[in-house]
Trainee: 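Handing you a structure now.
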Amino acid sequence: MATPDTSTLTSSAQIFTAYTLPQIRAIHKTLHTQIDEKSARLRTQVGNSYRQLLGTADTIVQMREDMLSAQDVLTHMGSQCGRSVVDNKITGLGRFRGNEGAEAALGQAARVKLLRACGLAISRLLRASTGKDAEGGRGDRLVLAAKVFVLSRLLVSSFGNLKAADEEIRTAVEAAKKSLDGLRRKLVRAVEKVLQKIREGTDITDILKALSAYSLSSSSGTRDALRRFLSIRAEAITYEFDYEEHEKDRGTDNVLRGLELYTKTLVDVQALIPNKLPDALLELKKKPLLADESLRSLEGLRLDIFERWCGDDIRYFTPFIRHDDLDGKQAREMLTSWATKGGETVLGGLSKTLEHISEFKAIIELRTSTLQQWIRNGGKARGFDPSIMLNGLRKAINDHLLQLIETKVAKLKLVGSEVAATLEAWQSGITDRQRGLWDDEMIGMDFSISAAQISHEVVSRVYGRNDAVARAVTGFESWHQIIGNVGDLVEQLRRQRWENDEEEIEDEDVLEARQELLSKDDPQLLHTRLDDSLLKSFKDLDGQLAALWQSRKDGLDNGQVAMYILRILRDIRTRLPKLEGIQSFGLGNVTSLHEKLAAHVAVTPLEEFTTTTLTQKRVAGRALWEGELALPVQPSPSTFKLLRNITMSMGDSGVDLWTPAAIKTLKRVFSQQLVDVWRKELAASNADSDGAESESKEEGEEKDESGETPAEDSEKTPERSKDVFIQWLFDIHLLQHYLSISDGDSDKIMKDLALEILEKTGLDAEAERRVAKASGEYWKRTGLLFGLLV
């Protein structure tokens, strides 16, 4: 159903009479749409009219302001064009043209004023280029300062002979000359600072601008500018390592800066030559100096005013700089020569720095940072083999590391020196005095302190570490810790990776060769030197301790000295490096030391045993013997006391000394000494028996002649002597159990002694077996009472 055309409708009655309800609704909707469209157009038209009205009002206001301004200008022009004013100007112009020298004097005054302005401008530019916030545009300010400096020089030259000039002009020019010399030096220093620094913010553009400023101020060509640049960089590298003259602190940062200056110089020169620097110098002489826009726009010079007072030699002056006096071959020769000398300077400075570093870790860190920096930047310079400098850095560092390893390892001799000093000042009873585990000092200790301190005190007393031993052991522990750290650092070098962090693709063969060189060959060299130095130092210390022992071996206090040296050897051997040639350290003297220790421990118990037991003529416990044939079942009290005394003497010397080897030596030495004194007593007993028998025989013959019967002497009867020998036999069998070792000679002498005494007893084999069995059973029951001997 089509919507009716609303434009043909004339009244609402026509709508309701001519159209159906859906058509009426469509008409209603169409009418509303048309009403909305016409309302929108009306609003737009009203808004446009309002804006036009406002624009017209603004135009009227602006026209009024322009009219007032024009009236002011016309009023001012009228006042300047009065008759009296024009007459005064005509009079002044005539007077000016009449004075011929007035223009020349005015020109000189203008140039003097411009010269002063140039000095102020140079000072301001140099301050801005060297300030803290001078990173951006620093090179441009230097170039502009150089241009102003050239203009100042031209202005000074324009005055020519100053004798005919006015006194004021002459004074001003002379002062400007002196000021110009100072400004030239400041400009040179500012250029040198830019060329010396490699800090953040200094790029190749600043260097190029600085060299341009130097060439412009000194009229130097490309060759001279490059030579000056290399000279400044060489001085900067030397300055980094010249600690004494400049009173600088030695440190690794100086080495890194010196190496960075070296690598940066190679890269910068190749970036400047053969194109950038010549092109920059050519750009400086393309147009006259005063035509430079940066110079004309410089605040304070006012060249738009003073230019007309400058002569043609200034207005049309163009800098003359040789930009084509250096070819590629000459530049390569200059750079190669500088690289050789600069590399020697860097390596020499590195060696000087290393001489004043004694910390092994600091040198390893310096090695890591230095080699990483060279690996990262050394390959950027074209035409130079980075491996040459790398090998030089390695050699300088490795030489010092090897020397430092030898020095640190050689300090092991201080342990021997400490032992020698202790033996030299030895005082028996004082130097060897041991602190007991249960003495008053230990019992009265405040146990609220740290557990580590209490543990250290207990261990020191148990292991006999008195002050004398502790000094030597502490010195060795300090040395061992230092050498252990050195070994750990050497091993750490094997785990380092030497890859270029920059986004550069390197050949795999180069990476592998460098990794092999730095992480295998160098650590192996250091490790070999460390092992060799350790072998030599321990051999020297062993010889030193052996010589000290030999010198005190036969002294009266050799037992105490032996204990002192044994404790030191024990603590050193517990921390020996795992090297095959060191494992026998100190063992050559251990046997001798143990023998003196055993003799010292056994002397007092043996003397007491000799004076009490072996001189007895009767058995104290004879009534305790058992069996049909009465035989002893326990040792004599003196023998028991001998075992107790020897055990107590061992404990007093220190339980830490009695290793299996020491106990074995004690049993061997004590057995030999015991057999010697017992046989001496047997020999004396045999001599007494022979003398008594001959005397008894003579007395018996005399009695027979007189018919008398000899009286019995109970003290000289053979049965009593036999009881003593039987008791001795039991004691010897018991001592055999306690002093038995896996040494055929020691066991043999005890058995031989037992056989000799057995002959004196007159016992048969069965009785001898009973005695041996009884001694064995007694040993099983009481063996733990003398634990140190078991």
Side-chain angles (χ1 to χ4, degrees), residues 250-253 255-256 259 347 350-376 378 387 389-415 474-501 510-542 571-585:
R250 299 178 185 272
T252 58
D253 294 340
V255 177
L256 298 179
L259 184 60
L347 296 178
L350 175 61
S351 300
K352 287 183 179 180
T353 303
L354 291 173
E355 289 176 359
H356 294 80
I357 301 178
S358 58
E359 292 294 332
F360 200 85
K361 183 178 181 180
I363 299 178
I364 294 298
E365 292 176 352
L366 175 60
R367 175 183 185 269
T368 301
S369 56
T370 302
L371 295 181
Q372 283 181 346
Q373 180 171 319
W374 178 253
I375 292 172
R376 184 170 57 251
S387 62
M389 189 64 177
L390 181 65
N391 292 331
L393 295 172
R394 286 180 52 247
K395 184 179 183 302
I397 297 174
N398 287 343
D399 289 346
H400 188 70
L401 286 175
L402 295 174
Q403 181 182 359
L404 189 60
I405 286 175
E406 292 182 352
T407 302
K408 288 185 177 297
V409 174
K411 289 184 178 180
L412 181 62
K413 65 183 180 181
L414 297 178
V415 178
T474 302
F476 176 76
E477 289 177 347
S478 300
W479 175 88
H480 184 269
Q481 183 178 3
I482 293 174
I483 299 303
N485 293 336
V486 170
D488 294 340
L489 291 172
V490 172
E491 290 299 323
Q492 180 181 342
L493 296 180
R494 300 179 185 273
R495 300 189 295 270
Q496 284 184 325
R497 300 294 301 174
W498 300 96
E499 298 179 354
N500 193 347
D501 297 335
V510 176
L511 290 174
E512 292 178 1
R514 186 170 63 213
Q515 187 69 25
E516 180 83 10
L517 194 66
L518 299 179
S519 294
K520 184 176 181 181
D521 295 348
D522 288 352
Q524 184 61 39
L525 176 65
L526 298 176
H527 194 276
T528 302
R529 179 61 62 86
L530 178 61
D531 292 346
D532 294 342
S533 301
L534 287 173
L535 290 172
K536 181 178 181 300
S537 295
F538 273 99
K539 182 178 179 181
D540 294 343
L541 180 60
D542 193 10
D571 288 338
I572 292 179
R573 286 187 56 79
T574 55
R575 295 176 177 84
L576 284 179
K578 297 180 181 179
L579 295 177
E580 184 176 353
I582 301 180
Q583 300 308 312
S584 61
F585 172 78

Trainee: Would you say the side chain of Gln403 lies within less than 4.5 Å of the side chain of Asp399, judging by non-hydrogen atoms?
Mentor: no
Trainee: Is the closest side-chain heavy-atom distance between Leu525 and Leu401 below 4.5 Å?
Mentor: no
Trainee: Does the side chain of Leu347 come within less than 4.5 Å of Met389's, by heavy atoms?
Mentor: yes
Trainee: Using the ring-ring contact (aromatic ring centres under 6.0 Å, His included) criterion, which residues pair with Phe360? Sequence neighbours excluded.
Mentor: none
Trainee: Residues two or more places apart in sequence or in another chain: which of them pass side-chain contact (heavy atoms from CB on, under 4.5 Å) with Gln481?
Mentor: Asn485
Trainee: Between Leu518 and Leu493, is the side-chain contact (heavy atoms from CB on, under 4.5 Å) condition met? List the steps.
Mentor: CA-CA 8 Å; Leu518 299 179; Leu493 296 180; over 6 Å; no
Trainee: How would you list, by chain and number, every residue that makes a side chain to side chain donor-acceptor pair (under 3.5 Å) with Ser387, sequence neighbours excluded?
Mentor: Asp385
Trainee: Using ring-ring contact (aromatic ring centres under 6.0 Å, His included) as the criterion, list what pairs up with Trp479, not counting sequence neighbours.
Mentor: Phe476, Phe538
Trainee: Has His356 got a side-chain atom pairing as donor or acceptor with Lys352's backbone, closer than 3.5 angstrom?
Mentor: yes
Trainee: With the side chain counted from C-beta on, respond yes when Arg495 and Gln492 share a heavy-atom pair under 4.5 Å apart, and no when they do not.
Mentor: yes
Trainee: Give every residue pair that meets the salt bridge (Lys or Arg N to Asp or Glu O under 4.0 Å) criterion with at least one member in residues 357-370, sequence neighbours excluded.
Mentor: Arg367-Asp522
Trainee: Only counting residues at least two apart or in another chain, list the ones meeting side-chain contact (heavy atoms from CB on, under 4.5 Å) with Ser358.
Mentor: none
Trainee: Please name the pair of heavy atoms, one in Val490 and one in Pro523, separated by the smallest distance, quoted to 0.1 Å.
Mentor: CG1-O, 3.6 Å
Trainee: With sequence neighbours left out, which residue pairs that include part of residues 530-542 fulfil the side-chain hydrogen bond (donor to acceptor under 3.5 Å, both in side chains) condition?
Mentor: His527-Asp531, Lys536-Asp540
Trainee: Is there a side-chain contact between Ile483 and Leu530, using heavy atoms and a 4.5 Å cut-off?
Mentor: yes
Trainee: Among residues at least two apart in sequence or on other chains, which ones pass side-chain contact (heavy atoms from CB on, under 4.5 Å) with Asp521?
Mentor: Glu516, Leu517
Trainee: Out of curiosity, Leu526 CG to Ile405 CD1, how far, rounded to the nearest 0.5 Å?
Mentor: 4.5 Å
Trainee: According to side chain to side chain donor-acceptor pair (under 3.5 Å), who are the partners of Ser351, at least two apart in sequence or on a separate chain?
Mentor: none
Trainee: Could you tell me which non-hydrogen atom of Gly475 sits nearest to which non-hydrogen atom of Val415, and how far apart they are?
Mentor: C-CG2, 4.2 Å
Trainee: Please list all pairs passing the salt bridge (Lys or Arg N to Asp or Glu O under 4.0 Å) test where one or both residues lie in residues 485-494, with sequence neighbours left out.
Mentor: Glu491-Arg494
Trainee: Table please: side-chain donor-acceptor pairs of residues 574-583 below 3.5 Å, with sequence neighbours left out.
Mentor:
residue, atom, partner, partner atom, Å
Thr574, OG1, Asp571, O, 2.6
Arg575, NH1, Asp571, O, 3.4
Arg575, NH2, Glu477, OE2, 3.1
Gln583, NE2, Pro577, O, 2.9
Gln583, NE2, Leu579, O, 2.9

Trainee: Tell me every residue that passes side-chain contact (heavy atoms from CB on, under 4.5 Å) with Thr370, counting only those two or more places apart in sequence or in another chain.
Mentor: Val255, Leu256, Leu259, Leu366, Leu393
Trainee: How long is the span from the CG atom in Asn398 to the CG atom in Leu354, to the nearest 0.5 Å?
Mentor: 10.5 Å
